[in-house]
K.L.:
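The structure follows.
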Amino acid sequence: MSNADQSTDVSEGSSGDEYAVSVPEGRGRDRDADGAASTIIESRDLSVWYNDNQALQSVSMEIPEKRVTAMVGPSGCGKSTYLRSINRMNDLIDAARVEGEMLFNGKNVYDDDVDPVALRRRIGMVFQQPNPFPKSIYDNVAYGLRLQDRTENLDEKVEEALRKAALWDEVKDQLDESGLDLSGGQQQRLCIARAIAVDPEVVLMDEPASALDPVATSKIEDLIDEMAEEYTVVIVTHNMQQAARISDKTAVFLTGGELVEFDDTEKVFENPENDRVEDYITGKFG
Amino acid sequence: MSNADQSTDVSEGSSGDEYAVSVPEGRGRDRDADGAASTIIESRDLSVWYNDNQALQSVSMEIPEKRVTAMVGPSGCGKSTYLRSINRMNDLIDAARVEGEMLFNGKNVYDDDVDPVALRRRIGMVFQQPNPFPKSIYDNVAYGLRLQDRTENLDEKVEEALRKAALWDEVKDQLDESGLDLSGGQQQRLCIARAIAVDPEVVLMDEPASALDPVATSKIEDLIDEMAEEYTVVIVTHNMQQAARISDKTAVFLTGGELVEFDDTEKVFENPENDRVEDYITGKFG
Amino acid sequence: TSNTGTETDGGLSGDINISGSSTVFPLAVAMREDFTAEEMHPNVDISVNSTGSGGGFTNYFCTGDTDFNNASRPIKGVEEGQCSDNDVTPVELKVATDALTVVVNNDADWFGEEGKECLTVEQLAEVWSAEDKPTTWSDVNSDWPDEEIQLYGPTDASGTFDYFIEEVIGEEGSHRTDYQSTEQDNQIINGVANSEYAIGYMGFAYYSENTDRVTALGIDNGDGCVKPTLDTASSGEYQPLSRPLFTYPAQSALAEEHVAEFARFWLENSTSESIVADEVGYVPNTEDERDEMLDRLDSAIEAASE
Amino acid sequence: MSGSYDGFGRVSRRIGKLFRGVLFASTLAGILTLAVLLVYVANDAFQPLTADPGWHLVFLLTLVVPTLATGWLSYRRSYGTLATGLLGIVMPGIAALYAGGLAALFIDVIPTLVWLSFVIALAIPAGVIVALRRTDRSVPFLAELSAVLGVTVGSLLVVPGLVQGLPTVPADWMVLVLTLGLPEAFLLGRWIEGRWGRRDGWIAGAAILVGSAVGGVVGMVSGFGAVPGVALTLFALVPTGLYAAIVVRERPDRRIGLLLPAVIVVGMVAGELLVGALGFAGPESWVDWSFLTSTTQSGDPRSVGIYSGIVGTILLMFVVAAIAVPAGVGAAVYLEEYAPNTRFTRIIDVNISNLAGVPSVVYGLLGLGLFVRYGGQPTGTLLVGGATLALLVFPIVIISAREAIRAVPDSARQASYGMGATRWQTVKNVVLPRAFPGILTGTILALSRAIGETAPLLVIGAAQVFGVPDSWTSTIGAMPLQLYVWASTYASPAFYTTVLAAGIVVLLTAMLSMNSIAIYVRNHYEQR
Amino acid sequence: MSGDGATDGLTRRTQNSSRELLAKAFFFGCAALSVATTLSIIGLLVYEAAKFFTISAPLLGIDGPTATLTEFFTGSEWGLQGPNLGVMPLVAVTLMVTIGSGLIAIPLGVATALYLSEYASERARSYLKPALEILAGVPSIIYGIFAVAYITPVLDTLFGVDGLFNVASACIVVGIMILPMVASVSEDAMQAVPDDLRQAGYGMGATKYDVSTGIVVPAAASGIFSSFILALSRAIGETMAVTLAGGSLARSFDPTSLASYLSLFDPDSYLEPGMTMTAAMIQLLTGDVTGGGLAYRSLFAVGLVLFVITLGMNVLSDVIARRYQEDYQ
Ligand SMILES: Nc1ncnc2c1ncn2[C@@H]1O[C@H](COP(=O)(O)OP(=O)(O)OP(=O)(O)O)[C@@H](O)[C@H]1O
Ligand SMILES: Nc1ncnc2c1ncn2[C@@H]1O[C@H](COP(=O)(O)OP(=O)(O)OP(=O)(O)O)[C@@H](O)[C@H]1O
Ligand SMILES: [Mg+2]
Ligand SMILES: [Mg+2]
Ligand SMILES: O=P([O-])([O-])[O-]
């Protein structure tokens with residue numbers, strides 16, 4: 001009943017931010033201190049339709065390199081759609097149609113000469129449900145490397161990716177066993193290892209912890225924190241606390257596919273410019 | 001954005017019941033005034049299992065005749081299970097097992113000599129999704145009467161039921177058209193007409209308005225109000241306001257299948273005895 | 001049992017495809033059996049298709065698909081034309097003599113007393129002619145039962161059918177079509193055996209295997225009633241329905257040793273009482289006939305291998 | 001009203017009960033009719049009543065009673081135990097059936113030397129592929145493809161001739177030990193190594209190899225035949241032993257189930273010895289060794305056999321599978337993984353479901369016109385028959401493969417595409433492996449449909465008396481065709497109730513064994 | 001960081017690599033093969049049949065005998081000697097088999113579907129469904145032998161049939177053969193009826209009988225109906241069983257007279273032999289086919305009629321089935 005306990009303080013509440021999410025001290029700061037990072041992904045007036053139904057409305061935003069950028073917003077507001085339009089996963093949906101620009105290292109990924117497959121090799125992705133292949137742990141991690149024919153030193157690369165995903169110690173004796181035999185949290189870390197094994201520049205994560213228990217979630221959060229040393233991480237989450245804990249920048253989408261606020265995480269959670277954002281963050285709807 | 005607007009007053013809130021649901025003036029009173037109604041349905045230590053999973057825990061409660069009794073509670077708490085055990089619809093689920101008693105007019109409906117089919121002819125039922133038969137409107141309403149071979153004056157009885165369900169004026173010229181061609185709200189009223197055509201003593205309703213838009217919902221609520229003149233209505237709802245608006249008595253179930261509070265609606269919403277009920281009603285979880 | 005042991009060495013090998021007459025079919029199958037026996041040529045694969053003489057010529061043999069075509073009548077001019085269009089040269093070899101047999105049900109008692117059942121050629125023609133098709137037996141002879149005639153016979157692709165038209169109905173007349181027609185002559189026997197008012201006709205071999213199931217009618221060609229037997233057929237008494245049976249190898253196929261060898265084997269055994277008469281049920285060739293045919297074969301083989 | 005119980009009454013269920021009874025009877029009507037017909041067929045085929053009563057008594061005592069008792073005991077322990085035992089009977093039975101078919105192929109159709117030469121010829125390009133994979137990765141695809149194709153073609157052109165020209169060649173059964181036993185030993189050894197460890201893997205591999213050689217020698221010495229000896233060892237004894245080993249090691253709780261097959265084998269042997277000793281005559285079954293192995297065709301029911309039909313059917317199935325499976329799966333992959341949602345795709349869609357409903361005799365006409373009349377092929381050959389039947393099952397394969405592919409969860413595809421896999425890489429690495437069991441099931445069911453088809457073969461001009469084919473262009477027969485010929489050409493009551501009944505038993509056994517394999521594969525993988 | 005060259009690799013066209021194109025081309029080719037199959041069926045049947053008819057044959061360089069469309073579609077006799085080229089006698093017997101087998105398969109099939117969908121326990125279903133699949137899987141040649149060897153003798157003792165062949169035994173075995181198709185397609189339709197509707201019925205105090213007959217069957221009607229059409233189309237195309245059981249007697253049938261249509265419903269006429277379209281094709285093939293001759297060409301004309309009928313029925317059943325799938329999503 002921790003749920004109920006937690007919320008009882010509302011009745012005694014006095015100020016407007018009982019619900020407000022506190023941003024952990026020191027988070028973001030150490031990286032933000034060295035000035036603004038350069039932009040790796042930038043969308044300009046990006047709109048996405050599914051058939052006649054608009055899921056994103058002219059979204060413009062700049063995602064900084066080697067930072068964690070969180071996207072929050074109520075269900076159906078288009079967070080996943082935005083994420084998937086970065087590495088053109090929306091191409092796989094017949095109904096989807098994109099307008100506007102999505103720049104990756106300054107190049108519009110929707111240009112005709114861009115190969116989405118090559119794009120995705122540089123932008124990794126982790127999904128909501130852990131989805132390891134029904135292959136051995138080793139083969140899961142090696143999958144992307146083999147796709148790209150980068151099979152020299154395979155063993156080392158697999159080990160390195162598993163270490164980075166904080167999974168090596170747990171699985172090093174069972175690399176030949178099926179990835180499906182791992183626990184949910186381990187599976188998700190395996191998926192992360194799989195994604196980073198090919199050394200992508202960006203890792204996109206769509207609610208990577210929402211199917212996991214609290215312990216596994218906290219491991220993943222720690223991992224994301226570490227990943228930002230080397231990679232640009234863009235993460236969709238439903239959990240405000242999580243966004244506050246792990247991200248440097250936060251984008252808030254609202255129903256209809258509008259980006260209503262995008263700023264440093266601290267700023268968004270503590271002093272949002274938009275009232276609707278404040279309402280949303282304090283849990284008044286959504 | 002009425003949703004957002006509505007909840008902004010939380011931040012200015014001062015007392016513990018910003019969220020509390022107000023019970024409309026005069027509701028319940030006019031009927032309660034003439035003293036306690038007699039009990040038509042009574043459960044005694046009713047427990048229900050689905051296989052090894054207990055869905056109701058020793059629920060005892062008395063449902064008054066010709067009143068509206070609402071059941072509320074979080075998802076999965078056993079409301080539907082309780083409702084369906086009144087007219088033994090749970091018999092149709094192989095996994096379900098019932099212990100304890102469910103008295104209807106003093107007779108335990110789980111006695112061996114009770115024929116569930118005969119029982120259901122006296123206790124009508126309306127479901128969450130409007131589910132008219134793929135027959136004409138007329139045949140939908142006449143269905144129960146025909147089952148019981150009560151076909152004298154069929155036309156009149158159909159008309160009467162449709163009138164009671166506040167649908168007659170809208171459909172009187174299209175009685176031969178398929179029930180499926182009606183709008184959602186009309187379909188649900190057709191289902192109510194179908195249920196009351198056979199003159200049941202009790203009408204059970206499982207979230208009858210949750211699939212409908214606000215206008216249709218309010219029509220159904222008005223209808224339930226009128227129905228209580230003649231029938232005993234037991235209604236399951238997720239919507240606190242709705243329960244407060246239309247019911248005389250309210251039963252609150254909590255997760256695990258426990259009945260934690262059962263009293264006059266006014267009492268339950270304004271001054272609940274149980275803290276968890278208060279938390280639930282004020283929307284703090286669930 | 002011939003296929004599980006070790007391979008016999010020796011013997012010829014290769015495929016032979018045979019099409020044509022259903023009348024000759026049992027004879028061809030018997031020859032195949034003996035030729036491919038363990039101690040002979042087990043590696044020669046012979047397939048036999050019962051298509052009717054005409055069906056075999058026009059659809060299989062003259063298009064070059066088969067090596068032999070059996071026939072219960074001599075090849076027709078048009079067929080020879082078709083063959084030569086495709087560079088197929090048929091070599092006519094007489095292999096036996098048949099008594100085309102008309103059969104009725106064992107319970108049919110109106111054809112005469114037991115053992116002497118008989119029909120005149122005119123009556124036979126009346127039954128089968130398309131002119132004024134009798135529907136009941138009483139239409140043929142008012143003394144006979146007023147029951148519907150059930151007819152079973154070969155299809156129009158068969159030599160038997162052609163021969164029957166020629167000898168019984170007459171060139172100018174035509175054969176009725178409302179009968180059970182089949183290239184599987186056993187179906188005729190079965191049909192007649194199962195139906196009291198049925199009549200059918202086919203090669204003698206099929207009758208000789210079923211003498212207890214159906215009754216063969218004697219045929220009265222004006223000189224009294226003659227029952228079909230091997231004797232009456234070989235003596236020529238059984239008129240007009242005794243006839244020669246042929247097989248036609250394609251001359252070019254005879255260039256292959258196994259084909260030539262099979263043709264020779266067949267001819268050499270065409271005088272065999274035990275195979276041709278006892279096992280199959282036709283009148284064997286006389287030794288003279290055999291020698292004549294062997295000469296013809298040899299010269300064809302010679303021509304083929306040039 | 002209030003509080004008083006006035007009775008709810010009862011609603012009459014009489015009509016309902018009657019109705020239910022009628023429905024149930026109707027459900028059973030078709031099944032029972034078939035069952036009765038099959039009992040008649042079995043009676044005609046096996047003639048159980050012609051055996052001495054003593055024979056029945058002996059087998060009742062040695063076989064039936066102990067089997068029932070053991071079965072009941074296993075069932076009492078658990079259903080799984082009984083199932084383990086039943087599988088232990090059915091699996092070796094079916095395996096022996098197919099091993100027999102395989103042996104027949106090597107004895108009659110494929111000369112072992114030719115087989116050996118082709119295995120060697122194909123092993124060379126396979127080695128090249130492996131080598132290419134291992135070494136320098138920078139070979140462009142087209143270069144690699146042409147290299148592999150070139151080596152394959154070259155090797156196929158040169159090597160068979162060389163091998164067949166060798167002065168000394170190994171005996172038939174040795175060739176089988178080399179070409180089939182060695183790979184099987186290697187694969188199963190690897191598999192067992194993964195399961196139970198390195199040592200067991202080696203032991204198993206060696207045992208398989210030695211066992212197959214022993215099987216050959218025993219077969220030769222006993223007169224059973226060396227080739228059947230090897231085939232039976234490799235494809236019936238080894239799987240059976242492996243099955244028993246797995247049960248013993250991994251399912252100790254079900255170990256007792258293995259008693260059932262043991263009791264049956266012992267009971268059969270004991271019964272056979274006893275009736276021999278006591279001089280009781282067995283039934284004059286029409287399904288006997290000579291029926292299964294004789295190629296004789298004549299009007300005498302006692303002398304004919306179905307051997308040519310069996311071999312023809314096996315060969316036809318190879319041709320059908322070789323054509324229809326790649327094409328059908330390919331079409332399914334296109335429709336599920338590649339096809340844009342266009343009008344053309346929808347046309348293909350509708351077209352396939354309609355193709356599945358085209359009468360088989362029309363497919364026969366298609367084969368006749370396409371291959372014989374315009375393709376210039378001779379009538380009734382293995383190639384034409386196989387290709388015609390392949391066209392017939394093509395839509396069935398597509399439909400079942402599509403279902404299997406559709407069942408692959410989308411998350412698996414997403415994961416692959418998200419890693420930067422191309423479509424083909426995703427299909428190859430993710431979609432096809434996961435859809436494989438479903439595709440296999442569908443394929444087997446499609447083949448078991450093809451096994452029973454007669455009309456298309458008749459239409460393309462199959463012969464009525466046929467032998468064992470030995471080349472692509474040999475005229476072909478098949479089991480159902482053989483039945484048709486017996487039922488028409490040799491039609492006499494004697495055939496209908498003797499060899500035809502026996503033929504039905506053989507054909508149905510082949511079909512049902514295929515279906516049961518399909519059902520087993522389906523259930524086995526559905527559980528995962 | 002994002003200096004020059006950072007976007008180079010993005011334009012590598014992995015999608016159009018020769019490996020991808022080859023794979024795609026192969027898969028497309030396989031799919032196209034299914035269309036090619038249909039087109040060749042239609043093309044071949046039409047082309048060869050055109051050589052059969054008087055109006056089109058000369059255009060295709062045929063100078064042998066031909067048949068006029070009138071002869072073919074209104075002639076009352078089938079037989080290739082002389083002017084008897086009417087296909088209707090064959091169609092009529094085909095129709096008899098369809099009617100007769102439908103009379104067996106439709107009631108039994110719907111009852112089976114209803115039992116499996118509404119009454120049978122999970123366990124009973126798991127035994128009955130495979131058993132029904134076996135009914136459908138037994139090859140038609142075996143059904144043909146059953147008909148001749150076991151069913152005709154029974155019919156003979158019951159009703160007395162003349163000879164070995166009769167349409168009734170063909171109807172019985174074909175009925176058994178198509179029964180599983182009626183049952184499984186109907187059952188699918190019944191399973192697609194939302195459970196909501198059953199609940200509504202039970203909630204009104206309906207018994208299982210009331211729900212099954214009054215709610216499930218009407219709601220699944222279009223699906224059930226489409227199963228009939230599909231199964232009957234299967235019966236029409238059925239070959240070996242009707243060839244063995246029905247015999248090869250071309251009946252005479254005058255398509256211009258009402259009486260001949262009535263005779264299709266005369267029980268006695270079912271005890272006599274009759275040749276269906278498919279049986280006629282087999283008969284032509286096992287003998288009569290004269291390469292390129294009238295018989296050969298007539299074979300394709302009959303095949304075309306058969307194909308058009310079955311295709312039409314398949315399309316119809318598809319359309320109906322789609323309709324009901326739209327009803328309940
Ligand atoms: N494949 C699709 N086809 C059609 N519409 C889609 C598809 N995927 C998403 N949508 C619609 O687009 C809108 C945005 O969806 P999206 O998945 O991006 O939302 P989201 O913010 O990720 O929501 P959630 O938090 O529930 O995942 C929704 O209205 C959704 O219904
Ligand atoms: N048919 C069933 N089989 C097994 N378990 C069931 C079944 N129906 C309900 N349950 C379980 O019983 C519990 C109570 O379910 P019930 O439907 O009564 O809840 P509810 O209060 O009506 O919830 P909701 O508001 O979501 O409708 C739940 O845990 C549910 O999972
Ligand atoms: Mg999302
Ligand atoms: Mg509920
Ligand atoms: O089959 P036939 O002998 O009559 O040509």
K.L.:
Considering non-hydrogen atoms only, spot the tightest contact between D:Phe466 and C:Ser47 and give its length.
P.N.:
CA-CB, 4.0 Å

K.L.:
Of the listed residues (D:Ala103, D:Ala463, D:Ala226), which shares the most heavy-atom pairs with chain C below a 4.5 Å separation?
P.N.:
D:Ala463

K.L.:
Take a 6.0 Å sphere around OH of D:Tyr40 and say whether it holds more than 12 heavy atoms from other residues, nucleotides or ligands.
P.N.:
no

K.L.:
Sort C:Asn190 into side chain, backbone, both or neither according to what part of it lies under 4.5 angstrom from a heavy atom of chain D.
P.N.:
side chain

K.L.:
My understanding is that only residues two or more places apart in sequence, or in another chain, count here; which of them pass side chain to side chain contact (heavy atoms under 4.5 Å, CB included) with D:Pro111?
P.N.:
D:Val114

K.L.:
Between C:Glu33 (side chain only) and D:Gln297 (backbone N and O only), is there a donor and an acceptor less than 3.5 Å apart?
P.N.:
yes

K.L.:
If you look only at pairs with a residue in residues 366-389 of chain D, which of them pass as a ring pair (Phe, Tyr, Trp, His ring centres under 6.0 Å), with sequence neighbours excluded?
P.N.:
none

K.L.:
So, for C:Asp45 and D:Gly467, which heavy atoms are closest and what is the spacing to 0.1 Å?
P.N.:
OD1-CA, 3.1 Å

K.L.:
Identify, with sequence neighbours excluded, every residue that meets salt bridge (charged side-chain N to carboxylate O under 4.0 Å, His left out) alongside C:Glu79.
P.N.:
C:Arg73

K.L.:
Mind checking the CG-OG1 spacing from C:Asp65 to D:Thr475? Nearest 0.5 Å is all I need.
P.N.:
11.0 Å

K.L.:
Could you tell me which residues in residues 263-284 of chain C have at least one non-hydrogen atom under 4.5 Å from a non-hydrogen atom of chain D, sorted by residue number?
P.N.:
none

K.L.:
Quick one: what part of C:Gln187 sits under 4.5 Å from any heavy atom of chain D, side chain, backbone, both or neither?
P.N.:
both

K.L.:
Quick check on C:Ile46 against chain D: is it the side chain, the backbone, both or neither that has a heavy atom closer than 4.5 Å?
P.N.:
backbone

